[in-house]
Each structure stands twice: as C-alpha cells, then as structure tokens.
Amino acid sequence: MTNAELPTAANPGPFGHKQRKNFLFPENYTQFNHGSYGTFPKVVQDDIRAFQDRCEQNPDRWNRCDLFTYMDDIRTQLAEFINCDKAELALVNNTTAGVNTVLRSLPFVPGDRILVLSTGFIAVNQTVRYICDAHEDVKVIEVPVTFPLSDKDLLNKVEEALKAHQELKDGSRIKLGIVDWISSVPSVIHPVKELVELLHSYGALVYVDGAHTIGQVPVDLGYLRPDFYITNCHKWLFSARGSALLYVAKRHQHLIHPISITGDYNSGFEKEFSFLGTQDYSSILSILTALKFRKQYGEDAIISYTHSLAIEGGKAMAKILGTHTLTRDDDDKVANMVNVALPIKDLKHPKANNADFMKIMLDKYNLYTPAFIHGDHLYTRVSAQIYLELEDFVRLANIWKEVIEGLNASS
Amino acid sequence: TFTRSVQENMMKWHNKAEENPDRWVRLDLKPALTKVRTQLAEFMSCDKDELALVQNTTTGISAVLRSLEFVPGDKILQLSTLYESVDNTVRYICDTHKDVQVVEVPIVMPLTDQEIVFQVEKTIQDHLAKKDGSRIRLAMIDWISSVPAVVHPIKALVDMLKSYGILVFVDAAHVIGQAPIDLTYLNPDFLITNCHKWLYSVRGSAVLFVPKRFQSLIHPPAIQNDYKSSFESEFSWNGTMDYSSILSIEGALEFRKQYGEDAIIHYCHRLAVEGGERMAEILGTNVLTPHEHQVGNMVNVRLPIKNINHPKLETRDYLTRLLLDKYNLFTPNFKHGGYFWARVSSQIYLELSDFEHLGRVWKEVIDELNAEDV
C-alpha cells in the first residue's frame, strides 16, 4: 500500500466498528483504554485454548520438548520484527519483570547514580527506589519533566541534569539512565534515539522502557542500539496479558540473570531465560497468533489508522470539551494515545481524582479512561484502536463533558 | 494436570477479564485473589495475611532468598537432594554476596527419619566445632523431595534447626494436596508450595507463607508500585499478566471437596505403595524408601540396569524421547546412591494395572539397554 492508500480516521478501510466482531467485547462495552491492559482478538483466544489443550494431552512432552520449539520460533519472528539478533531476546511476563531482571542483576557499587525522568512509570521508579535502598550509596537523579515540552527542551533538561552531576565532582558516576520511549501518563513519544545517544555520550548505560512501543510504533533496535529494552506484547501487539519481550545487548548478557533463578543458572543468557519456571505459557505463545492476525492488514495499515484516529479523535474531543490536547499540534508526539484536557474549574476539587472518576465511568457509563493531573491541567488519556471510530471519541467527549460539568456545579 | 471443572473455572476467569479489562484489573481482581488466600489459609491452618500467591516455587524461593540481607560469614544449609533450581538460587546468592557459603548435608537414601535428622544435626555440630566466626543463617529443607521423592521428617527437622537459631525455609513444592499441611503446628519461618502439582489447579499457581515477623524484610522478585506499603499489597499484584491460573485454585478446592482430602490422600498413598511393590516385583528390584510413611504419592522404583554408566543414560534425552515417542508415557528417571531409579506418581485417575503396565514397559526398555554391548 502507498501512503495515500493507508487507512485513516476518515477512511477506515478494514478498521472501525466492523472489527468489533473479531474481538471479545460484550455488546454494551467500548474499550477506550487499550493502553493499560490491552485486549486480544478471538483468534488469539482460540489458539490460547488450543495450546492449553495440547499441554494437557501430555504435560511432559509439552513442558520438556515441544514448548521450547514454539518459544524459540517466537524469538525468531520478533527478532525480525524489531531488527535485532535473536540471541539478544528473552521472553518474560511483563515490563515489571523485565525492569527488575536488569536492575536486580546489575552490580551497582557505592557512588553509582541512576537517572530517571519524573514521568517514568511508577513501578519502574519504585524499582529504582528499591535498588537505592538495597545498596550502599546508590542514589537516584530524577529529572523533573512537565509536558508539553519540545524534543529539544526535553533533551536540554536531561543534559542539564547530566552536566549538574558532573559539576559535583564528588566521585560518583551516572551508571544507568532509564528513559521512556512512549510514557504512560501523560502519554508522549520521547526523542528516544537522541536520549540514548546523549546518555551514552556521558558514559551511562541506557535502559529504554518501551512498554508501549511494539505494535504502536515501528521498532528498530539496530538503529536505536540501547543497552537494554523492554516492551509489552500484550499492550499494542494483541497478544494475551503476561507476554513481554526483553532485549539485552550481548556485551551485558553475562551480568543479567532472571528474577527467579531456575535450573539453567550460569548456562548462558538464552538458556537461562528459556524457561521461567512452571506456568501457563499460552499467554506468551499467543504472540504467534497476534503476529499472524496483524499480518492480514500489515503494520503500516494498523499504525496509520490508529495514529490518525488518535489525532482526529483528540481534536474532536478537545473541541467538544472546549479544551486542548496536551501535545497541541505536535502530532509527532502522539502515537495511539492522546491526552485530552478536561474543563474542570477547580483542580483541587476533592472528587477530581482517578479513583472517583473511575467509579462513575464504570458504574454509570461502562467505560473507562485514566484521569490524571499534569502540570496545571486535568487530563484524560484515550487509546485509539482498530475497533474504534471517530464517533466513539465524540461520544466519550460528551460523557466526560457531563461528568465534569457535574463536578463543576458541585464545587 | 487439572480436571475439566477446573479448566472451566479457569476459562470463566479468563473470559471475565476480557468483558472489561479495566474493571477486572482495577476493581475485581484483588478481592478475587483475597478470597483464594482466605480459602488456602483455612486449608493450611494459618492467617490469610501470612500468605502470598505467586506463580511457582522458583518465584517463591527467589522472593525470600533475594530479599534476605546476607552478611559475610553467613552460611546456608541445604540437603544434597534439594531441587536443582533451589540449589541454583542458593548458588546465585553465594555468587553475589561476599563470603556467603553453602553447607551441604550429604543425603543418600535409603535412610530412616532418625538417620536424616541425625545427618543434618551432625553437619550443624561439625560446623559449630569449627569456631571460625561463621554462622548457619538459613536452612533450605525439602518436606517431600523431588528426585528421589522422599517424605522427610519435617516437624523434627524444623524444631531441631530452630533450636540452633537457624531460620528454616521449607520447600514444600510437592506438599499441598499430597500431605496435610498445618502451619500452626509446623511453624516454619518460610514455606512454599505449588498448587498446580497435587491440588489440581492450573500451572502457574503457588502459595508462599511468610509469618508476620519477617514480612517487612521480604519483597517480591519483581518490585512494583506498592513497594514498602505492606507485604499484602506488594505481593497482591505481579504486574500485568493472566491471573486465571492462580484463581483456578478455587475450582481445584471445590473439586476436591466432593471427595474430601482424607479420601484422596489415602487412595493415592496406598496406590503408590502397592503400585511401587508391584513394579519392583515385575522388575525384580526394590523401592528406595525403607518405610511406607516416607512415600507420599510418589514412589521410587529401582531399574535393573546392568551398567549405570551406559552412554544412553548420560543425558535425559534418549530415555525421554523413547518413553514419549514409543510408549506415550513418561516417568522421571535418575541416578541416586549408585543405582538407577524411576519415580512414579500415583493419582486418583490411576489403578494398580497402570503400575503393572508401566513395570512391563520399563522392563522392556532396560532389557534392551542391558542387551547392548557397552
């Protein structure tokens, strides 16, 4: 397909509501928050059941022989998908596991510093906190980030923090930087290639938190060249929850061990990560069917539609709400998730919190989008997907309008 | 493996999540997990807040070992028959800490209960006699070991170890559903057990016991949002994954209630004992354990191989392929104490005739190997 033929919000092609029948949604439910826990098509569920049945037909044959053939095949396919060496990939259950795998393996010594951004995912920053607690004189350097921020300004902020650390001249060193490729809340595409190069230029290792990347943006690790990278397949690739991909550059593999040590300790990276202990591997295996499902349409088509829908949907919502999107006209900063400002009068309203909004959204409207305060605004993050259309965003905006007006009236 | 009813239970949870993933994860999941913990706490005679649901024994072992703060001079005691991944985790701890070492108790069956306790105590006393400033900090003790499968005198071991001031981590991977568990009575410092082994839940469901006095020290292998808020919250969410395996514990307990634990355990145990004897008769050999109570549901039967160094026994590959491809069955087989053994698991879906069939299969396999001129 040429660019002119790729599906968009205005010309959905094979996408939009017609996709609903491929998924598992009940009639009265619309998924606006694919970014948190994802969902998967029926064909993926069918194959999950098929794998589970196969396992029960002969658990020894499955767990001692056949399972590994499939796990290997997944790594082969994903290596091609993200342009890296298969031997640098390990399948894990989720980003939390992937981040802990690396952080709990690296031999931090007194004087090491770990750089993070304030907008990093909470579980990641908590893991860094744990590392600091569990090691003598290992500290975190947190770069305060408030969006909207241009790429240039973001890079400057990070470089300022690196320079400020250098000026300390206290014998400490920035050992590792952890950067989002696409942050969670707010959801913003970062200038990740430049961030990797910047941190490398200051002698720091870089862990790219790509939790939200595979299936949402093209991933080319041959180009990006991070030291470590993690991505969730169960977010945007349509596999089942509990399937993620960890990349560890060969030069670091001798240091990295799984969070749960198994029978293959010290047998080499690939072997050590080939088995995660006894569990139901059908979530991980569902990656195969997810890739097959997506191949029907092609990555370009899927990404073109979902990105276009996020942009147009965000604009439509902002218009109805009388507000703006976080990233304004910077379409490059939005992939499939758009942050729309909500017209709350009083940011400090006691009910203007995610927990209370969630109750209303789920109980009254049977839908949910996360709400959060960032900078001086209250935003909600909406996830575009192939089973949504522009009119869904319009409906969502009117619902949020009603909810916020209700709060504004009750100040 | 698990029953059809458990499979249906698992699918019920699986489907529920897709109806509204946000509602499921953010509102409904934790209460469902708490319900499972409550049921297990009653089953195991402990407080539900002393239990954490994890994926498997490997995870539970890593959670505790990677959380404890070992210092130079600490020693970790283990039995030579411990499970490979537990051994590796202890080795990992030694590799990543300065001057933390293993003290291994050599265990070669057959041994009686008293002999096992004696071996462990002797090792401790030998260590004390060294007076080198080191201390045995922690002991990893199997309740029912894997290969060979032996029911250990666990209460005696826990009491004895604690009397020396040693923390005890009971690897009860094989226990829940195979032997009654009473944590109030046993009172270990840590215990891990797999529900997906003998309880009939789906693979990826295990439970870790950490008494309140240690909870502030113990974190999951994967730190998440709730770090430092409480043991319960830290272990209540393992990141985004499919929790239906863990939730299937509910279906498993329901299935077993139809018959009662006593009935299930009695049948499996008697079958293991009699089945083992029958197999030994067919093979012209014997079972590993001198006393019946050392057998739970798993019995180790000696295989009459003439040459224990036969090249086809060097790795597991040859026999694994042969058993699966030619006979469509499998039992772990291993060397221990200079002999070669098969470990057979009895279950409610087996009968004596199955053990007889297995005995004849193994006889054929071993006769063939013995006929080879090696």
Side-chain angles (χ1 to χ4, degrees), chain A residues 23-26 29 31 33 36-40 45 48-49 52 55-56 58-61 63-65 93-97 99-101 103-104 107 122-123 126-127 129-130 133-134 232 234-235 240-242 257 259-266 276-280 282-283 358 362 366 368, chain B residues 1-2 7 10-11 14-15 17-27 55-59 61-63 65-66 69 83-85 88-89 91-92 95-96 194 196-197 202-204 206 219 221-228 238-245 316 320-321 323-324 328-330:
Chain A
F23 286 81
L24 298 161
F25 305 124
Y29 171 71
Q31 170 63 289
N33 186 34
S36 280
Y37 307 114
T39 191
F40 43 88
Q45 188 184 60
I48 286 171
R49 303 262 155 100
Q52 287 172 339
C55 176
E56 287 334 291
N58 192 325
D60 286 290
R61 181 191 292 285
N63 285 291
R64 292 170 197 271
C65 309
N93 283 136
N94 48 48
T95 291
T96 308
V99 170
N100 276 271
T101 297
L103 261 59
R104 293 186 76 162
I122 176 170
Q126 289 286 63
T127 307
R129 197 175 145 212
Y130 168 82
D133 288 344
N232 282 336
H234 56 240
K235 275 198 190 291
R241 271 163 233 109
H257 301 282
I259 46 179
S260 297
I261 306 294
T262 67
D264 297 308
Y265 176 55
N266 275 343
L276 303 168
T278 302
Q279 56 167 267
D280 179 359
S282 56
S283 288
M358 177 168 70
L362 287 173
N366 198 26
Y368 171 79
Chain B
T1 190
F2 44 88
Q7 188 185 52
M10 173 200 40
M11 286 184 186
H14 204 241
N15 289 337
E18 289 334 291
E19 280 169 20
N20 190 324
D22 288 292
R23 179 192 294 283
W24 172 245
V25 174
R26 293 166 198 271
L27 293 179
Q55 279 190 296
N56 47 50
T57 290
T58 308
T59 307
I61 300 278
S62 277
L65 260 59
R66 293 182 79 158
E69 283 168 17
Y83 191 64
E84 191 182 25
S85 64
N88 279 345
T89 312
R91 261 202 302 136
Y92 172 82
D95 289 344
T96 52
N194 283 337
H196 57 241
K197 275 197 189 297
V202 181
R203 267 162 236 104
H219 302 285
I223 306 294
Q224 35 82 311
N225 310 23
D226 300 306
Y227 173 56
K228 275 189 165 162
N238 192 29
T240 301
M241 54 179 237
D242 177 20
Y243 287 86
S244 34
S245 289
R316 296 187 190 137
T320 301
R321 281 272 138 212
L323 291 169
L324 288 171
N328 200 24
L329 55 79
F330 180 81

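Here the structure is a predicted model, which is why all the values come from computation and not from measurement.
Residue A/Leu103 does not touch chain B at all, counting heavy-atom pairs closer than 4.5 Å. Only the side chain of B/Lys228 comes within less than 4.5 Å of a heavy atom in chain A; its backbone stays farther off. Using a 4.5 Å cut-off between heavy atoms, B/Arg91 contacts chain A through both its backbone and its side chain. With a 4.5 angstrom heavy-atom cutoff, A/Arg64 touches chain B only via side-chain atoms. In this structure, the portions of A/Asp280 lying under 4.5 Å from any heavy atom of chain B include both its backbone and its side chain. The contact between B/Met10 and chain A is made entirely by side chain atoms (from C-beta outward), counting heavy-atom distances below 4.5 Å. Both the backbone and the side chain of B/Thr1 come within less than 4.5 Å of a heavy atom of chain A. Residue B/Gln7 touches chain A through its side chain alone, counting heavy-atom pairs closer than 4.5 Å. Using a 4.5 Å cut-off between heavy atoms, A/Ser283 contacts chain B through its side chain alone, with no backbone atom that close. Contact of A/Tyr29 with chain B is made through the side chain alone, with heavy-atom distances under 4.5 Å. When heavy atoms are compared at a cutoff of 4.5 Å, B/Ile61 does not approach chain A at all. In this structure, chain A has no heavy atom under 4.5 Å from any part of B/Tyr83.
Considering only heavy-atom pairs separated by less than 4.5 Å from chain B, the leading option among A/Asp133, A/Thr95, A/Asn58 is A/Asp133. Of the residues considered (A/Ile259, A/Thr262, A/Asn232), A/Ile259 shows the highest number of contacts with chain B, using heavy-atom pairs under 4.5 Å. Top candidate by heavy-atom pairs under 4.5 Å with chain A, chosen from B/Arg26, B/His219, B/Arg321, B/Gln55, is B/Arg26. Comparing B/Leu65, B/Asp242, B/Leu324 by how many heavy-atom pairs each has under 4.5 Å with chain A, the most go to B/Leu324. Contact tally against chain A (heavy-atom pairs below 4.5 Å) for B/Glu18, B/Glu69, B/His14: the top residue is B/Glu18. Looking only at heavy-atom pairs under 4.5 Å with chain B, the residue among A/Thr127, A/Ile122, A/Leu362, A/Thr101 that has the most is A/Leu362.
When each of B/Thr58, B/Thr57, B/Asn56 is tested with B/Asn194 by the rule side chain to side chain donor-acceptor pair (under 3.5 Å), just one qualifies, namely B/Thr57.
Side-chain contact check for B/Met241 versus A/Gln279: every heavy-atom pair is 4.5 Å or farther apart. Counting heavy atoms from C-beta on, the side chains of B/Pro21 and A/Arg241 come closer than 4.5 Å. A heavy-atom distance below 4.5 Å is not found between the side chains of A/His234 and A/Phe40.
Residues A/Arg49 and B/Asn15 come closest through the heavy atom pair NH2-OD1, 3.1 Å. Taking both residues in full, the closest heavy atoms of B/Gln224 and B/Asp226 are given as OE1-N, 2.5 Å, listed atom of the first, atom of the second, then distance. Annotation for A/Ser282 and A/Ile48: closest pair OG-CG2, 3.5 Å, computed over non-hydrogen atoms. Here the closest non-hydrogen pair linking B/Phe330 and B/Leu323 is CD1-CD1, 4.1 Å.
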Kindly determine whether B/Leu27 and A/Met358 satisfy side-chain contact (heavy atoms from CB on, under 4.5 Å), including the steps that lead there.
CA-CA 10 Å; B/Leu27 293 179; A/Met358 177 168 70; 3.9 Å; yes
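No donor-acceptor contact under 3.5 angstrom links the side chains of B/Asn88 and B/Ser85, judged on distance only.
Put simply, the side chain of A/Asn33 never gets that close to the backbone of A/Tyr368: no donor and acceptor are under 3.5 Å apart.
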